[in-house]
Number of protein chains: 2
Amino acid sequence: MQLKRADVVTGALALLDTDGLDGLTMRKLGARLGVQAGGIYWHFKNKEALLGAMADRIAGQVIETPLAPGPWDARLAEIAHRLRRAMLAHRDGARVVAGTYVVEPNTVRGGEQAVRILTDAGFPLDRAGWVIFAALYYVVGHTIEEQAQLAAGDWEQRGAGLPDTEPHRALSGVIEADPEERFAYGLELLLDGVRVRLAAAQAQRTERT
Amino acid sequence: MQLKRADVVTGALALLDTDGLDGLTMRKLGARLGVQAGGIYWHFKNKEALLGAMADRIAGQVIETPLAPGPWDARLAEIAHRLRRAMLAHRDGARVVAGTYVVEPNTVRGGEQAVRILTDAGFPLDRAGWVIFAALYYVVGHTIEEQAQLAAGDWEQRGAGLPDTEPHRALSGVIEADPEERFAYGLELLLDGVRVRLAAAQAQRTERT
DNA sequence: ACCTGAACACCGTTCAAGT
DNA sequence: ACCTGAACACCGTTCAAGT
């Protein structure tokens with residue numbers, strides 16, 4: 001049975017789970033797939049293209065099952081939570097997604113769906129994309145750090161001997177918080193911003209009537 | 001004249017500017033500094049530690065000059081803008097900062113200052129760290145993409161032949177927008193969220209009186 | 001069409017030995 | 001204390017040649 005593009009992606013994601021992004025090499029992937037490293041280059045132009053396909057497979061989970069109907073903010077939050085979960089499902093998943101410019105089909109579709117949710121709610125089209133990108137940066141950034149599991153001791157043993165002030169404890173306490181709760185909190189911060197602007201846009205529309 | 005730790009960082013940042021993060025190798029850095037690649041390891045445990053020092057030098061620019069007095073939101077926005085500018089000042093600067101767990105002295109100090117601005121404004125200490133981290137993810141994520149300069153054509157030539165819908169144009173239009181304006185917009189989204197929570201916290205305080 | 005074998009041009013890191 | 005020289009154990013990618 002010959003190797004297909006999809007098989008390479010599947011094997012690469014399995015290797016990612018066992019060896020992490022830094023351990024994901026073309027040679028090891030070849031060994032797992034039963035081909036030489038060079039053979040992979042028949043299916044993918046280079047490693048970057050493979051990583052792009054991996055990212056799209058991960059992000060594709062977001063639009064796999066249809067979104068439950070409901071208010072726009074709940075639907076957007078659901079997309080964000082799905083993306084986080086999809087990235088958490090693979091070791092270094094967030095780094096893989098972050099490292100690729102998401103022009104793969106699934107990712108584009110997910111972004112379009114998010115834009116539609118905003119515009120359907122009355123949000124101006126020319127700003128919807130900005131909001132979605134801002135949210136994407138937050139979701140990916142948060143999840144990268146979650147997966148980095150920055151060793152709990154790092155903030156304490158930061159050497160420099162800086163005073164153990166209240167602000168410092170507030171910062172170091174962040175990593176001890178429940179990641180899910182913290183994720184939802186930051187997301188709400190962004191959604192609040194959208195709500196403020198949505199209310200302003202609607203007030204303006206009412207004014208004109 | 002012998003090499004000092006700071007000289008290595010300076011040379012590494014210069015090499016970063018000319019060759020980018022992927023071109024930053026210990027051998028090339030050694031050549032630029034006039035030493036063998038192995039010699040650098042006397043000053044830094046490994047490449048990661050060097051990148052951490054580079055990140056701290058970049059981020060350190062944020063707290064170099066004191067912040068002008070003013071309302072909390074203007075001060076926080078100023079910090080965010082400074083961090084963006086500091087990262088933009090070096091090729092791949094945002095990727096360098098993103099790739100390191102920021103426990104270096106300058107970065108910690110910057111974070112503490114940001115927390116203090118929030119708590120001075122009446123924001124609860126136990127959530128201030130969450131806000132700062134959320135903002136950090138946004139700032140770094142935005143700037144990484146800015147520096148990636150994702151080739152303007154990417155969204156158009158995305159092959160799959162997806163329909164050229166309105167949502168799709170909203171997404172692809174993002175990269176044509178003025179990055180500075182877009183950056184400020186997303187930041188305001190987050191600050192709106194903080195304002196909403198600040199107002200709620202103050203209302204609760206007034207209630208009790 | 002799909003892959004092998006082998007090479008090319010690199011990497012980060014270590015470490016005895018030098019000064 | 002600070003660095004050299006040389007090696008170790010890898011990389012991604014290319015490409016003639018095989019089937």
Side-chain angles (χ1 to χ4, degrees), chain A residues 1-57 91-92 95-101 104 148 151 159, chain B residues 1-57 91-92 95-101 104 148 151 159:
Chain A
M1 184 43 185
Q2 253 162 215
L3 222 48
K4 314 207 66 146
R5 240 173 104 81
D7 301 327
V8 179
V9 175
T10 304
L13 284 172
L15 182 58
L16 180 71
D17 287 333
T18 58
D19 293 44
L21 183 55
D22 295 334
L24 176 67
T25 73
M26 299 304 263
R27 284 161 214 265
K28 282 202 269 183
L29 178 56
R32 173 181 278 270
L33 295 172
V35 298
Q36 293 293 113
I40 300 169
Y41 287 79
W42 196 90
H43 300 280
F44 289 93
K45 193 176 144 279
N46 50 33
K47 192 178 180 180
E48 199 193 325
L50 172 59
L51 285 166
M54 292 167 68
D56 201 46
R57 178 98 127 233
R91 165 123 89 122
D92 292 334
R95 273 172 71 200
V96 170
V97 170
T100 63
Y101 311 115
E104 319 281 332
Chain B
M1 185 41 184
Q2 254 163 216
L3 221 48
K4 313 208 66 148
R5 236 169 163 272
D7 301 328
V8 179
V9 175
T10 303
L13 284 171
L15 182 58
L16 180 70
D17 287 333
T18 58
D19 294 42
L21 183 55
D22 296 334
L24 177 67
T25 72
M26 299 304 263
R27 284 161 214 265
K28 284 202 268 183
L29 179 54
R32 172 181 278 270
L33 296 171
V35 297
Q36 295 292 113
I40 300 168
Y41 288 79
W42 196 90
H43 299 280
F44 289 93
K45 192 176 144 277
N46 51 32
K47 193 179 181 179
E48 198 192 327
L50 171 59
L51 285 165
M54 292 167 67
D56 200 48
R57 178 98 129 232
R91 163 122 89 122
D92 292 334
R95 273 171 71 203
V96 170
V97 170
T100 63
Y101 310 117
E104 318 282 330

_5' priority, DNA chain D, between B:W42 and A:N46 [closest heavy atom]_ = B:W42
*Closest approach of B:L16 and B:L24, non-hydrogen atoms and distance?*
N-CD1, 4.4 Å
*Which part of the nucleic acid does B:G34 contact within heavy-atom distance under 4.0 Å: base, sugar-phosphate only, or nothing?*
sugar-phosphate
*At their closest point, which heavy atom of B:R5 faces which heavy atom of B:H43, and how far apart are they?*
NE-O, 3.5 Å
*If you look at every strand shown and take non-hydrogen atoms under 4.0 Å, does A:L24 touch a base, only sugar-phosphate, or nothing?*
sugar-phosphate
*A:I40 or B:G38: which one's nearest nucleotide on DNA chain C is closer to the 5' end?*
A:I40
_Just to be sure I understand the rule, does B:L33 reach a base, reach only the sugar-phosphate, or reach nothing, if contact means heavy atoms closer than 4.0 Å?_
nothing
_Looking at A:H43, I'd like to know whether one of its side-chain N or O atoms comes within less than 4.0 Å of OP1 or OP2 on C:dA1._
no
*Compare the minimum distances between each of C:dT4, D:dC3, C:dT13 and the side chain of B:Y41, then state the nucleotide with the smallest one.*
C:dT13
*Do A:R57 and A:T10 meet the criterion of a side-chain donor-acceptor pair at a distance under 3.5 Å?*
yes
_With a cut-off of less than 4.0 Å, is there a side-chain N or O of A:Q36 near OP1 or OP2 of C:dC3?_
no
*Among the candidates C:dG12, D:dG5, C:dC3, find the nucleotide nearest to the side-chain atoms of B:K47.*
C:dG12
